[in-house]
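Everything on this sheet refers to the single structure shown next.
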Amino acid sequence: MILTFDCYGTLLDTSSINECISNICYENNVNSQLAINAFFSYEDRLMYSDEIIPYEKLIRKNLQFMDMDLDTDDLFLSNYKAILQAYYDLKPFPEVTSVLEDLKKAGHSLYLMSNSSS
């Protein structure tokens with residue numbers, strides 16, 4: 001049996017992305033809840049477009065839309081590298097590794113689905 005998994009939010013804990021955005025907001029007196037909501041709203045819209053966009057470009061576009069929507073000049077776009085690094089540093093949820101190992105031992109073929117190039 002073949003099993004497929006989405007990467008972000010399913011296997012990898014994305015809460016550090018919220019923390020990164022919240023820290024940027026805190027340092028710049030921006031409402032963090034509005035920014036986080038905008039980030040994930042634009043991410044969803046861009047991810048499900050007709051064109052397949054590498055995740056790094058999707059994040060950049062996302063941050064540009066956030067800056068326009070929240071009227072923050074280039075605040076979020078200027079933090080692109082920090083937000084992208086937060087993605088690169090994501091860790092799996094605690095139970096993920098052992099569950100995947102058990103599934104593999106049970107004879108399943110496992111595949112990860114992601115539009116990330118890293």
Side-chain angles (χ1 to χ4, degrees):
M1 176 184 286
I2 295 173
L3 302 174
T4 62
F5 299 91
D6 182 38
C7 183
Y8 302 116
T10 303
L11 300 179
L12 299 179
D13 181 358
T14 58
S15 62
S16 60
I17 304 302
N18 293 8
E19 290 175 31
C20 183
I21 293 170
S22 291
N23 289 339
I24 293 165
C25 291
Y26 178 77
E27 293 168 3
N28 293 278
N29 199 29
V30 173
N31 183 309
S32 63
Q33 195 56 54
L34 285 177
I36 289 168
N37 289 345
F39 182 83
F40 288 106
S41 175
Y42 283 117
E43 180 185 51
D44 283 345
R45 290 182 214 170
L46 291 168
M47 196 176 324
Y48 297 108
S49 68
D50 290 336
E51 177 186 0
I52 295 174
I53 304 170
Y55 211 69
E56 292 78 3
K57 289 183 180 181
L58 184 141
I59 291 171
R60 180 178 287 283
K61 283 186 174 188
N62 189 353
L63 299 176
Q64 290 171 326
F65 285 126
M66 286 176 64
D67 281 328
M68 285 189 301
D69 191 37
L70 299 173
D71 196 26
T72 51
D73 295 318
D74 285 337
L75 172 64
F76 293 103
L77 186 57
S78 68
N79 283 282
Y80 169 74
K81 287 184 181 180
I83 294 170
L84 192 59
Q85 189 61 51
Y87 271 94
Y88 293 153
D89 294 341
L90 292 177
K91 304 289 183 228
F93 287 103
E95 66 279 2
V96 166
T97 303
S98 63
V99 169
L100 292 177
E101 287 172 355
D102 290 346
L103 290 169
K104 186 73 174 167
K105 286 178 189 173
H108 300 288
S109 296
L110 308 177
Y111 294 91
L112 174 68
M113 295 171 36
S114 178
N115 57 343
S116 179
S117 61
S118 309

Indicate the atoms forming the closest heavy-atom contact of L46 with K61, along with that distance.
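Minimum heavy-atom contact is CD1-CB, 3.8 Å.
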
Return the orientation label for the F65 and Y42 ring planes: parallel under 30°, perpendicular over 60°, tilted otherwise.
parallel

Can you say whether the rings of Y87 and F39 are parallel (under 30°), tilted (30 to 60°) or perpendicular (over 60°)?
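Correct class here is tilted.
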
Taking atom [atom1] of [X] and atom [atom2] of [Y], what is their separation to the nearest 0.5 Å?
X: D89; Y: I17; atom1: CG; atom2: CD1; answer: 8.5 Å
X: N79; Y: E27; atom1: CG; atom2: CD; answer: 8.0 Å
X: I59; Y: K81; atom1: CD1; atom2: NZ; answer: 14.5 Å
X: I83; Y: E56; atom1: CD1; atom2: CD; answer: 13.5 Å
X: Q64; Y: Y80; atom1: CD; atom2: OH; answer: 10.0 Å
X: C25; Y: N18; atom1: SG; atom2: CG; answer: 10.5 Å

Please check if the number of heavy atoms outside D102 that lie under 6.0 Å from its CG is greater than 12.
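Buried by this count: over 12 neighbours within 6.0 Å.
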
Taking atom types as modelled, find out whether N37 and Q33 have a side-chain donor-acceptor pair closer than 3.5 angstrom.
yes

Backbone N/O of [Y] and side chain of [X]: donor-acceptor pair under 3.5 Å:
X: N62; Y: L58; value: no
X: D67; Y: F76; value: yes
X: T10; Y: C7; value: no

In one Ile/Leu/Val/Met/Phe/Trp/Tyr side-chain cluster, 4.5 Å: L12, Y88
yes

